[in-house]
**Q** 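Right, I'll just put the structure down here and ask away after.
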Amino acid sequence: MSAIIQNSGGAVSRRVDPSGFAVAGRHESKNFPDGSSLVRCENIPWTPWAMEGSEFKLLYINRAHGMFTCLIRLKGGLETPDHHHFGEAHAYVLEGDFSYEYGTMYTGDYIVEAGGINHKPTIGPKGATFFVIFYTGLSGVGPNGLPTGDLVDCDWMYRAAAANGAAGHLPPPPVQEIHTR
């Protein structure tokens, strides 16, 4: 049986699960003992992303699978640099639109971008916001068409978010001991 505590307005402010741990309050992100997470996105500040004119909110990381989820917001009219996807990227357009060789994606559209591809989208005049699931990550592309520059992966995203005070809801990377002879 769950215990529910209501404030004077009748809204649930705290509840205790049958297993004995407290669930998250209305404005609290929380990681639970069973491995589940609840993220209050409105409480996470936007962090500058890998390309000028873009920012993100890192929501979740699964380092074992090289996967991370985030909200990405890009300014209007931005022509993104050519970039390489090492693994798939799944994107749902929350607001705005963007165009590239596959056509134009509008609010409410979902696309899976294959791993191992290069492309260069252009963001619509009003900008765009996406929910994205990345596998492995992405990087820039050199003049020879090969990946170059920083690998924007789970750890890159975590370091950037942490530097902006936007990673408190995420577990830090595991500490690795260095052994020398």
Side-chain angles (χ1 to χ4, degrees), residues 1-7 9-51 53-75 80 83-96 98 105 107-115 127-139 150-177:
M1 188 113 221
S2 295
I4 298 173
I5 300 171
Q6 295 183 338
N7 64 23
V12 173
S13 60
R14 188 62 99 185
R15 192 172 54 160
V16 178
D17 180 89
S19 65
F21 60 86
V23 299
R26 172 62 188 103
H27 300 286
E28 174 188 27
S29 293
K30 188 165 182 157
N31 296 308
F32 299 99
D34 66 0
S36 299
S37 298
L38 174 65
V39 179
R40 305 292 188 192
C41 298
E42 73 274 4
N43 296 332
I44 301 170
W46 288 98
T47 297
W49 199 39
M51 66 182 92
S54 66
E55 52 192 359
F56 73 95
K57 291 185 179 197
L58 184 58
L59 306 178
Y60 178 77
I61 293 175
N62 183 320
R63 289 178 179 88
H65 294 283
M67 185 272 290
F68 56 96
T69 63
C70 58
L71 297 174
I72 296 179
R73 186 164 65 183
L74 299 117
K75 72 177 187 176
T80 69
H83 60 275
H84 178 83
H85 288 264
F86 290 96
E88 288 181 354
H90 297 240
Y92 179 79
V93 184
L94 296 167
E95 295 178 326
F98 71 103
M105 309 304 138
T107 299
D109 287 345
Y110 168 77
I111 186 167
V112 178
E113 298 171 339
T129 303
F130 311 93
F131 170 76
V132 186
I133 303 169
F134 285 101
Y135 291 90
T136 312
L138 61 156
S139 74
D150 287 343
L151 171 62
V152 178
D153 64 354
C154 295
D155 290 325
W156 187 100
M157 295 290 287
Y158 180 84
R159 286 190 307 272
N164 190 45
H169 61 289
L170 297 165
V175 176
Q176 297 177 359
E177 292 185 31

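Since the model is a prediction, treat every value here as computed from it, not as a measurement.
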**Q** When you measure from the side chain of His169 to the backbone of Cys41, do you find a donor-acceptor pair of N or O atoms at a distance under 3.5 Å?
**A**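 No, His169 side chain to Cys41 backbone: no donor-acceptor pair under 3.5 Å.
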
**Q** Would you compute the distance between atom OG1 of Thr136 and atom CG of Leu151 and round it to the nearest 0.5 angstrom?
**A**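 Result: 8.5 Å between the selected atoms.
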
**Q** Walk me through whether Arg26 and Arg40 qualify under side chain to side chain contact (heavy atoms under 4.5 Å, CB included).
**A** CA-CA 8 Å; Arg26 172 62 188 103; Arg40 305 292 188 192; 3.7 Å; yes

**Q** With sequence neighbours excluded, tell me which residues meet ring pair (Phe, Tyr, Trp, His ring centres under 6.0 Å) with Phe86.
**A**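 With sequence neighbours excluded, Phe86 shows a ring pair (Phe, Tyr, Trp, His ring centres under 6.0 Å) to His84, given in chain and number order.
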
**Q** Show the nearest heavy-atom pair for residues Ala50 and Ser54, with the distance to one decimal.
**A**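 Smallest heavy-atom distance, with atoms named: N-OG, 4.3 Å.
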
**Q** Using the six-membered ring wherever Trp is involved, compare the ring planes of Phe134 and His85 and label them parallel, tilted or perpendicular (cut-offs 30° and 60°).
**A**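 Parallel, since the angle between the ring planes stays under 30°.
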
**Q** Where is the tightest heavy-atom contact between Cys70 and Leu58, given as atom of each residue plus distance?
**A**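 Scanning both residues completely, I find the closest heavy atoms to be CB-CA, 4.1 Å.
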
**Q** For Phe56, which of Val132, Ile72, Leu74 qualifies under side chain to side chain contact (heavy atoms under 4.5 Å, CB included)?
**A**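 Answer after filtering Val132, Ile72, Leu74: Ile72.
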
**Q** Supply the atom-to-atom distance Ser139 OG to Asp150 CG, rounded to the nearest 0.5 angstrom.
**A**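 Those atoms lie 9.0 Å apart.
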
**Q** Which side-chain N or O atoms in residues 61-69 pair as donor and acceptor under 3.5 Å with protein atoms at least two apart or in another chain?
**A**
{"residue": "Asn62", "atom": "OD1", "partner": "Ala64", "partner atom": "N", "Å": "3.1"}
{"residue": "Asn62", "atom": "OD1", "partner": "His65", "partner atom": "N", "Å": "3.1"}
{"residue": "Arg63", "atom": "NE", "partner": "Asp155", "partner atom": "OD1", "Å": "3.0"}
{"residue": "Arg63", "atom": "NH1", "partner": "Pro171", "partner atom": "O", "Å": "3.4"}
{"residue": "Thr69", "atom": "OG1", "partner": "Tyr60", "partner atom": "N", "Å": "3.3"}

**Q** Give, for atom OG of Ser37 and atom CG of Asn31, the distance between the pair rounded to the nearest 0.5 Å.
**A**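 Reported to 0.5 Å precision, the distance equals 4.0 Å.
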
**Q** Given Leu71 and Leu94, is the side chain to side chain contact (heavy atoms under 4.5 Å, CB included) satisfied, shown in steps?
**A** CA-CA 9 Å; Leu71 297 174; Leu94 296 167; 3.7 Å; yes

**Q** Between the side chain of Thr107 and the main-chain N/O of Gly96, is any donor-acceptor distance below 3.5 Å?
**A**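 Such a contact is found between Thr107 side chain and Gly96 backbone.
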
**Q** Report the C-alpha distance between Trp49 and Met157 in whole Å, list the side-chain angles of each, state the deciding distance to 0.1 Å, and finish with yes or no for side chain to side chain contact (heavy atoms under 4.5 Å, CB included).
**A** CA-CA 8 Å; Trp49 199 39; Met157 295 290 287; 3.2 Å; yes

**Q** Can you check whether Tyr92 reaches Ile133 side chain to side chain, under 4.5 Å on heavy atoms?
**A**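 When only atoms from C-beta onward are counted, Ile133 and Tyr92 do not touch, as no gap falls below 4.5 Å.
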
**Q** Taking Asn43 for its side chain and His27 for its backbone only, find out whether a donor-acceptor pair lies under 3.5 Å.
**A**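 Side chain of Asn43 to backbone of His27: a pair is present.
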
**Q** Which label fits His90 and Tyr135: parallel for a plane angle under 30°, tilted from 30 to 60°, or perpendicular past 60°?
**A**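 Plane angle over 60°, so perpendicular.
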
**Q** Would you compute the distance between atom CD1 of Ile111 and atom CE of Met105 and round it to the nearest 0.5 angstrom?
**A**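 Spacing of CD1 (Ile111) from CE (Met105) equals 4.0 Å.
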
**Q** Which heavy atom of Pro45 sits nearest to which heavy atom of Gly165, and what is that distance?
**A**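 Between these two residues, the closest heavy atoms are CG-O, 4.1 Å.
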
**Q** Can you tell me how far OG of Ser29 sits from CG of Leu170, rounded to the nearest 0.5 angstrom?
**A**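 So the gap between those two atoms works out to 8.5 Å.
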
**Q** Taking Glu42 first and then Lys57, would you say they form a salt bridge - that is, a charged N and a carboxylate O separated by under 4.0 Å?
**A**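 Salt bridge absent between Glu42 and Lys57.
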
**Q** How many angstroms lie between atom CZ of Phe130 and atom CD of Glu95, to the nearest 0.5 angstrom?
**A**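 The CZ atom of Phe130 sits 10.5 Å away from the CD atom of Glu95.
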
**Q** Which heavy atom of Ala24 sits nearest a heavy atom of Leu38, and at what distance?
**A**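 In this case the closest contact between Ala24 and Leu38 is CB-CD2, 3.5 Å.
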
